[in-house]
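Everything on this sheet refers to the single structure shown next.
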Amino acid sequence: MPSRALFRFLFLGGSLALLLGGAGAQAQHKPRRMAASPGGGKQACCEDVRALKVQVANLSSLLGELSARHEAETARLEGRAAELEKGKQQHERRLLEVEEKYSEVNSRLDITQLQAAQAVTKTSADAIYDCSSLYGRNYKISGVYKLPADEFLGTPELEVYCDMDTEGGGWTVIQRRKVGLTSFNRDWKQYKEGFGTIRGDFWLGNEHIFRLTRQPTVLRIELEDWQGETRYAEYAHFTLSNEMNSYKLFVANYSGNAGRDSLRYHNNTNFSTKNKDNDKCVDDCAQLRKGGYWYNCCTDSNLNGVFYRHGDHTKHSDGITWYGWHGSSYSLKRVEMKIRPQSFSP
Ligand SMILES: *[C@@H]1O[C@H](CO)[C@@H](O)[C@H](O)[C@H]1NC(C)=O
Ligand SMILES: *[C@@H]1O[C@H](CO)[C@@H](O)[C@H](O)[C@H]1NC(C)=O
Ligand SMILES: *[C@@H]1O[C@H](CO)[C@@H](O)[C@H](O)[C@H]1NC(C)=O
Ligand SMILES: *[C@@H]1O[C@H](CO)[C@@H](O)[C@H](O)[C@H]1NC(C)=O
Ligand SMILES: [Ca+2]
């Protein structure tokens, strides 16, 4: 807008210069004409000049007017730009404030939760076993907690994520897929010890899961597809064998709405990773399906498969699958596996 006004302004200036040049040329012509037809010529000449002068004055005033208008317009636009900039800065400041407040609340929550968990540890040596024991002691906010080391069992301190909201809470989360940046194509040792980040994608570790499932345990699997629909599969009975028995899976008594029970096919099978083929197949399922899992020959579900994003999620057979709901080549958007004792009551 301002550039177009400026262009018009310059164009007008150019016209004016041309006009003035024309006037000069005419003034040079006149005397010759005068010589050709003496009498009346001088008056015509002077009226011409006067008319030209009026035109020039007319045009300069127009020019002045335009330049003034242009300046006003520029000033108005500059004012508007400044206003917008101010608004934007205010908006950004507000956003920053909200962000700060949010992360402050979040970290304060973490600190109190951890302090609470540790305080409990000091007063009772044996009782903090998992998230359900924390729940039993009135820690009812979902989040990250530290389970104390157990000197008697020789087990280390363990950071866990407790789901204290779903179906009465008390759940210790053992697996999560939702961000998609952590590879689940890991070796035996990594699956044994656990990997990933407790707030994001992780596998808690077969050794920890084995230890946590020595008491009768319920397993709950929560699934979400790319349309935002959710399903769950629950097993009233879930156990892992120890490492000597290849962390063999035992599940029983399925309930839920995830279609066909797609873990049943993996019941009573050993755990396999890319460097340990314990499956019931000529193929090497862990390498084919790019995860660590209780591969049979090979899968009816592959919850530790490859995370594929929306659009790419139906093109592969090694994705995060649950055949009983979305078939063999639909990689889910989100999965959570969580456990709690059968004896738990909220
Ligand atoms: C310019 O000239 C026209 C006639 O040619 C006249 O009507 C108009 O008022 C003049 N404008 C100015 C600013 O002198
Ligand atoms: C499962 O593992 C156990 C012990 O590690 C082994 O004896 C058994 O043969 C394995 N089963 C299969 C099907 O590989
Ligand atoms: C898994 O196998 C056991 C027998 O070892 C059986 O009792 C149980 O019902 C099976 N689980 C499922 C979900 O079929
Ligand atoms: C499964 O449920 C049935 C009926 O409720 C029960 O009799 C059986 O003991 C359960 N099995 C397991 C392994 O929990
Ligand atoms: Ca094999």
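In listed order, ligands and their atoms are each counted from 1.
What sits closest to atom 4 (C) of ligand 2 on the protein, heavy atoms only, is M244 O, 3.4 Å. In terms of protein heavy atoms, atom 5 (O) of ligand 2 is closest to S246 OG, 2.7 Å. In terms of protein heavy-atom proximity, atom 14 (O) of ligand 4 is nearest to H237 ND1, 3.2 Å.
Of the charged side-chain nitrogens involved, at least one lies within less than 4.0 Å of a carboxylate oxygen, so that D318 and K290 count as a salt-bridged pair. A salt bridge links D300 with R260: the closest approach of a Lys/Arg side-chain nitrogen to an acidic carboxylate oxygen falls below 4.0 angstrom. At a threshold of 4.0 Å, the pair K315-D312 counts as salt-bridged, since one of the basic side-chain nitrogens sits closer than that to a carboxylate oxygen. The existence of a salt bridge linking R69 and E73 is excluded, since no basic side-chain nitrogen approaches an acidic carboxylate oxygen closer than 4.0 Å. Between R220 and E222, at least one side-chain nitrogen of the basic residue sits less than 4.0 Å from a carboxylate oxygen of the acidic one, meeting the salt-bridge criterion. Salt-bridge annotation for E336 and R334: present, with a side-chain N of the basic residue lying under 4.0 Å from a carboxylate O of the acidic one.
Between C162 and C131, the sulfur-to-sulfur (SG-SG) separation falls under 2.5 Å.
Note: angle at the Ca ion (ligand 5), from OD1 of D279 to OD1 of D277, is 70° (rounded to 10 degrees).
Comparing N296, N270, D279 against atom 11 (N) of ligand 2, the shortest heavy-atom distance belongs to N270. Nearest to atom 12 (C) of ligand 4 by heavy-atom distance, out of T239, V218, N253, is N253.
Using a 4.0 Å threshold on non-hydrogen atoms, atom 2 (O) of ligand 4 counts as touching the protein. Checking atom 7 (O) of ligand 2 against the protein gives no heavy-atom contact under 4.0 Å.
Side-chain N/O atoms of N304 and Q175 include a donor and acceptor closer than 3.5 Å.
For the Ca ion (ligand 5), the N/O/S atoms of C297 include none lying under 3.0 Å.
Looking only at N/O/S atoms, D283 comes nearest to the Ca ion (ligand 5) through O.
Set against the non-hydrogen atoms of A252, the atoms of ligand 4 under 4.0 Å away are 13 (C).
Checked by distance only, ligand 4 and Q342 stay at 3.5 Å or farther apart across all their nitrogen or oxygen atoms. Polar contact with ligand 2: absent for K280 (N/O pair, distance under 3.5 Å).
Annotation: cation-pi pair R309/F307 absent, no NZ/CZ under 6.0 Å from the ring centroid and within 45° of its normal.
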